[in-house]
Participant: 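I have a structure here, written as structure tokens, and I will follow up with some questions on it.
Computed from heavy atoms alone, side chains included, the values below leave out hydrogens, waters and symmetry copies. All ligand and atom numbering here is 1-based and tracks the order in the structure.
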Amino acid sequence: MKKTLGLFAAGAVALAMTACSGGATPAEPGAAGGAPNKPLDQLVVGFAQVGAESGWRTANTKDIQESFKTAGIQLKFSDAQQKQENQISAIRSYIQQGVDYIAFSPVVQTGWDAVLQEAKTANIPVILTDRAVDSKDTSLYVTFLGSDFVAEGKKAGEWVTNEYKDAKEQVSIVQLEGTTGSAPAIDRATGFADVIKANPNLKVVASQTGDFTRAGGKQVMEAMLKSQPKIDLVYAHNDDMGLGAIEAIEAAGKVPGKDIKIVTVDAVHDGMVALTEGKINFIVECSPLLGAQLIDVIKKLNAGEKVEARIVTNEGTFTQEQAKEALPNRKY
Ligand code: GYE
């Protein structure tokens, strides 16, 4: 019996090696933990969520929880309230509990190597969901599943560049940044700057974090309305901050979408409503519906199959007209 098992194992290794020699990009299946091949109802996954800062996050949490329910896989869920130390403790507790997989959306990009190393040592594969880490050692996680935030920033920049292509004087732009140090804040600023630099009239005159919240966006916008002599456009890294900015602009007696144009990222329900009402001018979509893809990754790893090292979400953009058409069918 032992001999047969040994032979089988050797065969499996050989198979895995042939499978991997074909291409370098896909991550090795269960690189950190092997393939448990457990019945799905016996799998336990720990998910360390960022918080509940935005409409996007609420939709993301709901989608993840529902997807696990549908798949019949047990989910342990924690909300870090946008604090890295809370997320690190949640991950450590999942390691201690001996979960099969850990998925998390890192609040910021840096500072994860130690805890990810602990997960690797415990043979628990980690799946990055939504946001990236900057760890040099990519063997610390199996895959990164989520949007291309640089591309999102570029799409926002392209709309702005086109909107002001005939401008003869400076277009004063204020930027409401997401959480400082987070992948989407860094990348959405980079992509946007990269595109608008082609037109020297387009100038970011102020840029500050509103921490991806409505209250943060409102507060920063109030201050900017006081300190800036002229604001033509707001580029907000998410809908919620844009919605906060709308409140501040209206309170200052100006018309959002007209006196001051607004471009945001996400396309969650409240953002889309503001877009149809003409208060926002353009939204770049960022899909929070990552649950099904996360389940797919877990099922593949459990079955010993390969997963791609990077899984990018497909997404588009919305003008005011397109939002009117799309809104009735949106799920969130
Ligand atoms: O755009 C924002 C949320 O990480 C993509 O986080 C996510 C961002 C999303 O707070 O609304």
Participant: Does Phe104 have its ring centroid less than 6.0 Å away from the ring centroid of Trp112?
Facilitator: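 That pair passes the under 6.0 Å test.
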Participant: As a quick check of understanding, evaluate side chain to side chain donor-acceptor pair (under 3.5 Å) for Lys120 and Ser139, giving each step before the final call.
Facilitator: CA-CA 8 Å; Lys120 188 176 174 181; Ser139 79; 2.6 Å; yes
Participant: Atom CD1 in Ile127, atom CG in Leu294: separation rounded to 0.5 Å?
Facilitator: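 Output value for this atom pair is 5.5 Å.
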Participant: For ligand 1, give me the residues whose heavy-atom distance to it is below 4.0 Å, by chain and number please.
Facilitator: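 Close residues (ligand 1, cut-off 4.0 Å): Glu53, Ser54, Trp56, Arg57, Asp130, Arg131, Phe149, Pro184, Arg188, Phe212, Asn238, Asp266, Cys286.
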Participant: Is Asp240 paired with Arg214 through a side-chain N to carboxylate O contact shorter than 4.0 Å?
Facilitator: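 Here Arg214 pairs with Asp240 in a salt bridge, since their nearest N and O are under 4.0 Å apart.
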Participant: Could you tell me if Thr276 and Gln320 have a donor-acceptor pair between their side chains, going purely by distance under 3.5 Å?
Facilitator: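 No donor-acceptor contact under 3.5 Å links the two side chains.
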Participant: For this output row, return yes or no: ring centroids of Tyr235 and Phe192 closer than 6.0 angstrom.
Facilitator: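 Judged by ring-centre distance (under 6.0 Å), Tyr235 and Phe192 do meet the cut-off.
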